[in-house]
Protein chains: 2
Amino acid sequence: MACEKVFAEQLRKRGLRMTPQREMVLSALHRVDRFATAEELYERVQRTSAAVDLSTVYRTLDLLREFGMVAAIEVGDRQTRYELLGVHGPHLHLACQGCGRIMGISLKAADPLLDKLLAGYGFEAQLEDVTIPGLCAECRARGAEPAHD
Amino acid sequence: MACEKVFAEQLRKRGLRMTPQREMVLSALHRVDRFATAEELYERVQRTSAAVDLSTVYRTLDLLREFGMVAAIEVGDRQTRYELLGVHGPHLHLACQGCGRIMGISLKAADPLLDKLLAGYGFEAQLEDVTIPGLCAECRARGAEPAHD
DNA sequence: CTAAATGCAAATATTTTGCAGGTTA
DNA sequence: TAACCTGCAAAATATTTGCATTTAG
């Protein structure tokens, strides 16, 4: 996956430019463990260059989102999390309220729901960035309560 | 619907108190058109008494949420919206990205998905407060683009 | 009377923006 | 070299909290 290539290509297409900062953010997205907050990515980028600003991270994430290379998802808390959409493309997210883990699964599972919403309500759902809260198998086994807050 | 009764009851159960402010917030939730932000509720409450503070609105909404009388849902934007859970109880929310409208529909539609998640991933989904983005029939007919932001 | 609730103001947290100066193509 | 990008600082937004005072029960 020449992500950098794709990014550079998309940038050029719009008359925008590739910069070291933008490379670093993309690279951080690769190294980070799947879902990261802007702050986490910022910290990671800083290890490479302390001069990069948080606002630049946000601006780059916005671009990557526009290009469809990154998904922005919201778990319960206030922070947005970012995920690199690699070979797998968009998917559905399951967020365990017990342990905080997030799983990405195929959109296929939601096809019946999708059809039902379209047939019954004329509603064309976009489940790509939807995050479904709940409890994962382990937490259920542990008898964990769904954290309300 | 003796919502006030239920509220008062729940409060008493925990040694908390009914106050005019809390009544006003609950009342505002009734009058407001289904989904309201804290700010909207605040404005409405202020028409009755200008002395009520926004923080009190938030505190009351938190209580109502704990009591399961109110659902807090997140549409794309940063603001949380609150909805009174009346006779119908919890449901699934469809948020049109074209016109901003929010529909509440029965959780039934998602039963197959629920089963699939449980069977396939051991994940017990809680769809009560989930908001699904997409396009409603009207907006699709108008050929509206799903607003990315 | 006393624990709980309120208003106020200030703190937090996250994200966005304006701008002067540096940089990329 | 000209449009773009960056860092910095400050603004904007949404929500939460500490505290002195008031109030419900």
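Chain letters run A, B, ... following the sequence lines, proteins first and then strands; every chain starts at 1. Values reported hereafter were calculated over all heavy atoms of this structure, with side chains retained and with hydrogens, waters and symmetry mates removed. In this text the structure is predicted, and so the values were computed from the model without any measurement.
To the nearest angstrom, P of C:dT16 lies 16 Å from OH of A:Tyr42. Rounded to an integer number of Å, the gap from B:Gln79 CD to C:dT15 P is 15 Å. In this structure, the CD atom of A:Glu43 is 14 Å from the C1' atom of C:dT14, given to the nearest Å. Between the CG atom of B:Leu54 and the C1' atom of C:dA5 there is a distance of 16 Å, rounded to whole Å. Put simply, CD on A:Gln21 is 14 Å from C1' on D:dC8, counting in whole angstrom units. Distance B:Asp53 CG to C:dA9 P: 9 Å, rounded to the nearest Å. Rounding to whole angstrom units, CD of residue B:Glu74 and C1' of D:dT13 are separated by 14 Å. Rounded to a whole Å, the CZ atom of A:Phe7 is 12 Å from the C1' atom of D:dC5.
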**OP:** Please report the C-alpha distance between A:Ile132 and A:His93 in whole Å, then the side-chain angles of each, then the deciding distance to 0.1 Å, and finally whether the side chain to side chain contact (heavy atoms under 4.5 Å, CB included) criterion is met.
**Re:** CA-CA 6 Å; A:Ile132 297 180; A:His93 295 106; over 6 Å; no
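In this structure, of C:dC19, C:dT6, C:dT14, it is C:dT14 that holds the atom nearest to the side chain of A:Arg78. Among D:dT16, C:dT6, D:dT15, the nucleotide with an atom closest to any side-chain atom of B:Asp62 is D:dT16. Listed candidates were C:dA9, C:dT15, D:dA14. Nearest to the side chain of B:Tyr58 is D:dA14. When distances run from any side-chain atom of B:Ser55 to the nucleotides D:dC5, C:dT15, C:dA9, the shortest one goes to C:dA9.
Each of B:Met18 and B:Ala38 lies near DNA chain D, and the nucleotide nearest B:Ala38 is the one positioned closer to the 5' end.
At a threshold of 4.0 angstrom between heavy atoms, the contacts of A:Arg12 with the nucleic acid are absent. Within 4.0 Å of A:Leu16, counting heavy atoms only, lie sugar-phosphate atoms of the nucleic acid but no base atom.
Side-chain to base pairing of A:Arg17 with D:dA3: one donor and one acceptor N or O lie within less than 3.5 Å of each other.
Between B:Glu74 and B:Thr80 the shortest heavy-atom distance is OE2-OG1, 4.1 Å.
Rounding to the nearest 0.5 angstrom, the gap separating the NZ atom in B:Lys5 from the CD atom in B:Gln10 is 14.5 Å.
In this structure, B:Asp62 pairs ionically with B:Arg65, as a charged nitrogen and a carboxylate oxygen lie closer than 4.0 Å.
Taking only side-chain nitrogens and oxygens, B:Thr80 comes nearer than 4.0 Å to OP1 or OP2 of D:dT15. Proximity of B:Arg59 to the phosphate of D:dT16: no side-chain N or O atom is located under 4.0 Å from OP1 or OP2. Considering only side-chain N and O atoms, A:Thr56 lies under 4.0 angstrom from the phosphate OP1 or OP2 of D:dG7. Between A:Arg22 and C:dT24, a side-chain N or O to OP1/OP2 separation shorter than 4.0 Å is absent.
With hydrogens and angles left out, the side-chain atoms of B:His30 and B:Glu4 include no donor and acceptor closer than 3.5 Å.
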